[in-house]
Colleague: 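Got a structure here, written out as structure tokens. Questions coming.
First the proteins, then the strands, lettered A, B, ... as listed; each starts at 1. None of the values given here were measured: they were computed from a predicted structure.
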Amino acid sequence: MASQPASPARESVAALRMEAIRKQFPGVLALDDVDLTVRAGEVHVILGENGAGKSTLMKILSGAHGKDAGRIFLDGREVEIDGPRRARELGVGIIYQELSLAPTLSAAENVFLGREPRRLPGLVDRSAMEEAARAILGGLGASFDVRRQVRHLSLAERQLVEIARALSLDARILVMDEPTSALTDREAQALFEAMRRLTSRGVAIIYISHRLQEIYDVGDRVTVLRDGRRIATLDVAAADRRELVRLMANREVDELVTRRPSALGAELLRVEGLCRADELRDVSFSLHEGEVLGFAGLLGSGRTAVARAIFGLDPIAEGQVMVRGRRRSIGSPRDAIRAGIGLVTEDRKRQGLVLSLSVRENISLPLLRSLSRYGIVDARAERELASRYATDLRIRTPSIEQVTLNLSGGNQQKVVLAKWLACQVDTLILDEPTRGIDVGAKQEIYALMERLTAEGLGIVLISSELPEIAGLCDRVLVMRAGAVVGTFDRGVSQEEILSAAVGVAS
Amino acid sequence: MRREFGTLAGLLVLCVVLWFATPHFLTTANLLNVVEQSTLIGIIAVGMTFVILTAGIDLSVGSIVALSGVAMGTAFRAGLPVFAAALTGLAVGLACGLANGALITLGRLPPFIATLGMMSIARGGALMLSDGRPISGYPATFREMATGDVMGVPAPVLLMLAIYGVAHFVLTRTTLGRYTYAIGGNEEAAELSGIGVRAYKSAVYGIAGLLSAVTALLLVARLDSAQPIAGIMYELDAIAAVVIGGTSLLGGSGSVIGTLIGALIMGVLRNGLNLLGVSSYLQQVAIGGVIIVAVLMDMTLRRRARLPTE
Amino acid sequence: MSVKRVRWVAVFVAGLSWACNRGDGAGDAPSVALVLKTLNSPFFIELEAGARQAADSLGIELVVQAPDREIDVERQMQIIENLLQTGIDVLTLTPSGSREIVSAIAEANQAGVPVVIVDTRADAQALAEAEATIATFIGSDNVDGGRIAGRFVAEALGGQGRVAVVEGIPGHETGDSRLRGFREVIAEHPGISIVASQTANWERDQAFNVTQNMLQSHSDLQAIFAANDMMALGAVEAIAAAGRTGDVLVVGFDALDEARQAIREGRMAATIAQHPRDMGRLAIESAWSILQGDTVPAEQPVGIELVTE
């Protein structure tokens with residue numbers, strides 16, 4: 001155990017101890033010998049970037065994932081958690097980001113879903129159930145009627161129902177995964193109040209959040225994860241904000257992410273005052289030939305919403321898009337493609353490829369019309385085009401007739417890129433282009449970006465990988481809550497970007 | 001790679017078994033019969049293949065057969081030349097199909113619901129238009145379409161083969177065909193590739209409606225009568241032919257060649273069971289069994305080939 | 001991998017042909033086909049039973065086939081085409097469509113197979129146009145049956161009252177004929193009016209709903225005529241559910257056992273008996289005569305009668 005007990009006054013047997021937890025996913029070591037100790041009655045914050053391993057660790061605790069190595073102790077006793085049911089029996093409760101309640105059932109019914117008190121077999125003892133739900137929810141400071149349908153409750157109230165459900169199962173360890181992400185400040189304060197009541201009764205809370213301020217509001221101790229490793233465990237009172245940011249972001253530079261900048265040419269794209277209810281607030285930027293413009297920010301900060309709006313997927317409320325100096329109204333992907341814009345989506349299997357079609361058919365999909373006459377496809381021209389781009393991008397496939405389902409993630413991504421390059425787009429929006437692909441393929445994609453910008457393409461890069469943002473981009477826009485909150489030039493450090501993204505002055 | 005070979009082998013084995021089981025099966029006259037008997041479902045199944053390739057379903061084809069036929073009958077009785085009356089029938093079928101398409105793409109109704117509604121509307125419309133009675137009596141020139149032959153090959157068979165030829169060409173060589181597969185394989189990716197998904201989906205239902213109307217004309221010509229109760233349950237036979245032919249109900253993969261073989265398997269099975277004198281009750285069981293076995297085998301093959309099954 | 005599918009289909013079909021291969025290799029026995037409208041109504045099952053009995057005693061090989069759905073003429077024609085391939089000697093047939101079936105009859109003629117029509121007539125004009133011929137028609141007149149039902153109702157109501165009709169599938173010859181006869185007689189009685197006429201598509205449960213609705217909108221209803229007994233029984237149940245058994249008299253058609261039982265119990269007033277068993281027997285006997293080279297009369301009426309007890 002690496003960390004020294006930081007507040008001896010409250011020392012007791014650890015409610016939870018996770019030791020040397022290891023988890024390997026295909027191509028990624030998600031958790032690399034992670035230790036975690038949580039005491040009864042504390043709020044233990046887990047901090048880390050996207051992909052640092054927070055969720056994986058919690059999924060192992062809740063039985064959703066198995067672990068490859070490591071041990072878990074509850075109250076000093078070693079346990080084996082082989083499924084969600086076992087986790088519940090052991091008193092581990094999880095409140096997920098996406099609430100998992102049945103909207104048309106009442107609060108009380110949701111609390112006891114699947115375990116309703118029975119009077120006779122098959123007959124629910126409604127009054128006993130409501131009484132019990134009232135007692136638990138009252139203990140959390142909730143004042144709404146337990147008979148109301150969940151869909152009529154506010155988000156914060158629903159959170160309380162989720163917590164009550166966990167408590168009704170005698171949860172002694174409660175995991176809360178970004179519970180405040182959808183709450184107003186006032187609702188969040190009420191939730192913190194409920195959390196304090198719980199800890200005073202000896203419940204241990206593991207709290208996952210991006211919001212640094214909240215750590216100081218409710219946290220007792222904080223563990224920082226980075227790249228699947230535990231970096232530090234600190235007393236919140238002793239932790240400085242900048243120190244925390246540095247711990248989250250600073251990584252060994254074992255893979256060099258760089259790109260030689262190209263000379264910038266004419267303006268390709270100018271976006272002014274883009275607004276969309278709740279998602280985008282007055283977003284403006286411009287992109288030039290040969291430029292890589294980075295969009296950084298946390299999940300849900302509005303980066304993808306920008307891409308969707310420009311590509312004509314979501315209607316925009318206000319603002320305008322100019323392509324090569326001319327105002328264009330883009331109402332559908334078709335319009336966007338005509339304007340020379342291509343989008344590589346973050347979810348390539350769901351949005352990027354038709355997996356049941358071949359490499360050739362995917363590459364030619366957006367420009368099939370121009371390869372056809374009277375609706376009849378010129379098969380030879382299509383084959384030649386697909387072969388050319390498959391060779392050019394070094395797509396590793398036995399043949400261009402191979403169904404894309406059978407390709408690796410990196411090669412699938414190259415097919416998506418080939419599709420847009422074949423269309424001769426001059427603006428390429430890449431949304432998390434290297435997610436889930438191996439290191440070698442990542443390097444190929446970085447190299448490709450360098451080549452394309454040298455040829456005069458403009459690239460908008462949306463990424464949660466700070467090294468990519470810092471290493472590849474000519475300029476970086478940082479988004480938070482739908483607005484651009486910071487603009488940086490080449491040479492910006494990862495810490496500066498992260499500070500802006502989480503809302504800390506650096 | 002060629003999944004149709006499995007289905008074709010199934011058909012051939014079925015034929016061999018019947019050849020041994022009854023001396024009446026393998027005769028030119030009987031084989032021509034079988035193919036001719038498969039034409040109605042065969043033609044509808046072409047449209048159904050397009051629809052199912054887009055991951056849709058069309059339950060209204062049987063009712064559209066009735067409505068198109070009755071529309072033609074009504075037009076003919078009202079004094080239109082038979083050729084113009086036939087065009088009226090085709091137009092009505094196409095319109096019904098396009099209405100399905102509009103309900104699905106613009107109204108955002110699930111295909112199951114939209115076409116279930118159309119199934120009832122078209123059937124009711126056919127009964128209203130005809131006052132519930134068959135409309136009989138057409139010129140011999142029109143009836144040639146069903147009764148004529150070219151060098152011994154019945155005209156409906158030639159018509160069906162021509163339709164399959166065109167459909168195969170469309171699916172393999174044209175943008176419409178490619179988009180049909182793309183939409184069924186991944187509608188969102190197709191949309192993001194700039195394909196006008198709505199227009200193409202509507203077109204596909206239009207094709208299904210139009211081919212239902214072609215079937216209707218063939219049926220009117222054969223029976224010399226347009227019946228408001230024609231085509232009941234044709235949709236299920238057509239879906240069965242498509243599915244036996246290896247087209248996935250999840251969309252994105254399959255072919256009309258497979259569907260043709262599927263339709264022939266259904267036709268041969270029915271013919272064989274008749275020749276063998278199998279009881280009508282057992283015939284229904286047998287056909288249901290073949291559908292289930294064919295699809296089970298198909299899914300097993302898909303899983304092994306690592307193609308999407310769900 | 002396709003080998004496996006092939007094997008499955010082969011096993012399946014081989015099993016079937018083993019289980020059911022009754023049609024072939026029977027030697028010299030003459031083979032007669034009976035093609036019905038359907039095999040899922042008691043009327044046709046009775047008809048088949050009569051035919052089978054006659055065939056067994058005469059030493060005839062009998063093949064019985066029918067489409068899944070009563071109205072499916074197209075499918076019925078296919079069955080006939082297929083059976084003609086097996087070299088049957090006589091075709092006996094209850095047409096699913098009077099006009100539509102004619103081209104199948106013509107095919108039988110071409111194959112030299114005599115055709116015996118049972119129960120539903122083939123359209124005379126269409127036969128003439130197609131130059132098709134039939135050996136004989138065996139059946140009872142549905143229009144006449146409708147008339148008998150009409151006369152019964154008129155008499156029972158004393159020439160005064162309000163009547164409702166439950167129809168079969170619209171456009172269906174049998175039902176239309178029965179209703180035509182019924183309406184013809186009722187029209188002769190100005191004191192009786194038909195206040196409602198709705199289809200229940202030959203089905204008992206639909207007749208239940210339709211009758212319930214009729215009783216709602218016409219509380220003074222005195223009689224119901226249903227175009228078959230299944231629907232009549234549905235009407236009887238709806239009347240019972242409304243607590244009005246005995247108030248509304250119900251007349252059906254076909255004289256099913258269950259209907260006769262209801263009549264004995266006083267829940268139903270009358271039904272029309274058509275003797276399908278006799279039709280089946282006569283059809284096979286006629287086929288036998290034709291094969292012996294004897295002449296058969298062009299029309300062989302089968303009695304039709306009112307059943308009230």
Colleague: Side chain from CB out, backbone as N, CA, C, O: work out which of these in A:L313 comes under 4.5 Å of a heavy atom of chain B, or both, or neither.
Modeller: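 For A:L313, side-chain heavy atoms alone lie under 4.5 Å from chain B.
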
Colleague: Is A:L368 close to chain B through its backbone or its side chain, or both, or neither, when contacts mean heavy atoms under 4.5 Å?
Modeller: both

Colleague: Just wondering, more than 12 heavy atoms not from A:R435 lying within 6.0 Å of its CZ?
Modeller: yes

Colleague: Under 4.5 Å from any heavy atom of chain B, what part of A:K419 do you find: side chain, backbone, both or neither?
Modeller: side chain

Colleague: Under a 4.5 Å cutoff for heavy-atom pairs, which residue among B:I195, B:L192, B:T172, B:L176 has the most contacts with chain A?
Modeller: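 Most heavy-atom pairs under 4.5 Å with chain A: B:L192.
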
Colleague: Contact part of A:R350 toward chain B, heavy-atom cut-off under 4.5 Å: side chain, backbone, both or neither?
Modeller: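 For A:R350, the contact with chain B is made by backbone and side chain together.
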
Colleague: Looking at B:Y179, B:Y181, B:F169, which makes the most heavy-atom pairs under 4.5 Å with chain A?
Modeller: B:Y179

Colleague: So for A:S372, is it side chain, backbone, both, or neither that comes closer than 4.5 Å to the heavy atoms of chain B?
Modeller: side chain

Colleague: Under 3.5 Å, is there a donor-acceptor pair between the B:T180 and B:T54 side chains?
Modeller: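 Side chains of B:T180 and B:T54: no pair found under 3.5 Å.
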
Colleague: May I ask you to name which of A:R334, A:R338, A:Q351 has the most heavy-atom pairs under 4.5 Å with chain B?
Modeller: A:Q351

Colleague: Salt bridge or not between A:E382 and B:R178? Use side-chain N to carboxylate O under 4.0 Å.
Modeller: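 Judged by the 4.0 Å cut-off on N to carboxylate O distance, A:E382 and B:R178 do form a salt bridge.
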
Colleague: Can a salt bridge be assigned to the pair A:R360 and A:E384 using a cut-off of 4.0 Å between side-chain N and carboxylate O?
Modeller: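 A salt bridge is absent here (no side-chain N lies under 4.0 Å from a carboxylate O).
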
Colleague: Looking at A:N362, A:I337, A:V416, A:L365, which makes the most heavy-atom pairs under 4.5 Å with chain B?
Modeller: A:L365

Colleague: Can A:T404 and A:Q412 be counted as having a side-chain donor-acceptor contact under 3.5 angstrom?
Modeller: no

Colleague: Can you say whether A:Y374 sits under 4.5 Å from chain B via the side chain, the backbone, both, or neither, judging by heavy atoms?
Modeller: neither

Colleague: Quick check on the interface: out of B:A182, B:A190, B:G184, who has the most heavy-atom pairs with chain A under 4.5 Å?
Modeller: B:A182

Colleague: Do A:S464 and A:E432 get their side chains close enough for a donor-acceptor pair, meaning under 3.5 Å?
Modeller: yes

Colleague: Considering only NZ, NE, NH1 and NH2 on the basic side and carboxylate oxygens on the acidic side, decide whether A:R303 and A:D431 come within less than 4.0 Å.
Modeller: no

Colleague: Suppose we call two aromatic rings close when their centres sit under 6.0 Å apart. Are A:F285 and A:F295 close by that rule?
Modeller: yes

Colleague: Could you tell me which portion of A:E401 (side chain, backbone, both or neither) has an atom closer than 4.5 angstrom to a non-hydrogen atom of chain B?
Modeller: neither

